[in-house]
Q: 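Take a look at the following structure, please.
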Amino acid sequence: MNNKEYAKIILSELNQTLPTIDIEKSNQFVDLLLNAKEIFCAGAGRSGFAVRGFAMRMMHMGLNSYVVGETCTPNIDETGLLVVCSGSGSTKSLVNHAQKAKEVGAKVALITIDPESPIAKMADVVIEISAPSPKSAKAGEIKSIQPMGSLFEQSEALYMDTLILMLMERKHMDSDTMFGRHANME
Ligand SMILES: O=C([C@H](O)CO)[C@H](O)[C@H](O)COP(=O)(O)O
């Protein structure tokens, strides 16, 4: 198959995952983001790449967002929100981060394939994406031709872009204002 044929299949897979994500939980997620004093983003591997992009856009909006594990990331306290992206919901370092967040009274939001996973059990809001999971018992309803967690990782990245649009609407923010905060030392 050529690239266009593969692209059509990937888009049709995304067309099955993204529209099924819960609206009410997404509204709750946006409320948590808006109510947090500081937002801490965590994910491993490709989920880590996706959540970094989300942290960056929130910075562009003027929110206090950080990536867990970076040298300049401060401590989390009860005013904070930890956003975790984890297909399995059981990656060890992320389970530890969620435990720490709950221990200090912070909120936790999780984007995952597995709503019964260890991190899901600690989370205040769980966003479920139906996709194959190479690392957990829960496989999701949707089949994919793509390897491992690719469909989940694409879906979570695009889902977080929908959250950015919801936040922009709530904060009356436009792209030009956001671009004004973009790094000028690239
Ligand atoms: O990078 C990943 C891997 O390529 C699977 O597709 C995962 O995102 C990484 O291993 C983290 O796993 P999860 O916490 O289960 O997302």
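Only heavy atoms go into these numbers, but all of them, side chains included; no hydrogens, no water, no symmetry mates. Atoms within a ligand are numbered from 1 in the order they appear, just like the ligands themselves. Fair warning: this is a prediction, and the values are worked out from it, not measured in the lab.
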Q: State which residues pass side chain to side chain contact (heavy atoms under 4.5 Å, CB included) with Asp174; sequence neighbours excluded, sorted by chain then number.
A: Asp176, Thr177
Q: Between Glu103 and Lys100 (salt bridge meaning N to carboxylate O under 4.0 Å), is one present in this structure?
A: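 Salt bridge: yes.
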Q: Quick one, Leu82 and Ile76 - any side-chain contact, counting heavy atoms below 4.5 Å?
A: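 With C-beta onward as the side chain, the pair touches.
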Q: Let me know which protein residues bring a heavy atom to under 4.0 Å of ligand 1; chain then number is fine for ordering.
A: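 Shell around ligand 1 (4.0 Å, heavy atoms): Ala44, Gly45, Arg46, Ser47, Ser86, Gly87, Ser88, Thr91, Leu94, Lys135, Met148, Gly149, Glu153.
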Q: Side-chain atoms of residues 35-47: list all donor-acceptor pairs with protein atoms under 3.5 Å, sequence neighbours left out, distances to 0.1 Å.
A:
residue, atom, partner, partner atom, Å
Asn35, ND2, Asp31, O, 3.2
Arg46, NE, Glu153, OE1, 2.5
Ser47, OG, Glu156, OE2, 2.7

Q: Do the side chains of Glu70 and Arg52 get close enough for a salt bridge, i.e. N-O under 4.0 angstrom?
A: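 Counted as a salt bridge, because a side-chain N and a carboxylate O are separated by less than 4.0 Å.
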Q: So, using side chain to side chain contact (heavy atoms under 4.5 Å, CB included) as the criterion, who are the partners of Thr162 when residues are at least two apart?
A: Tyr159
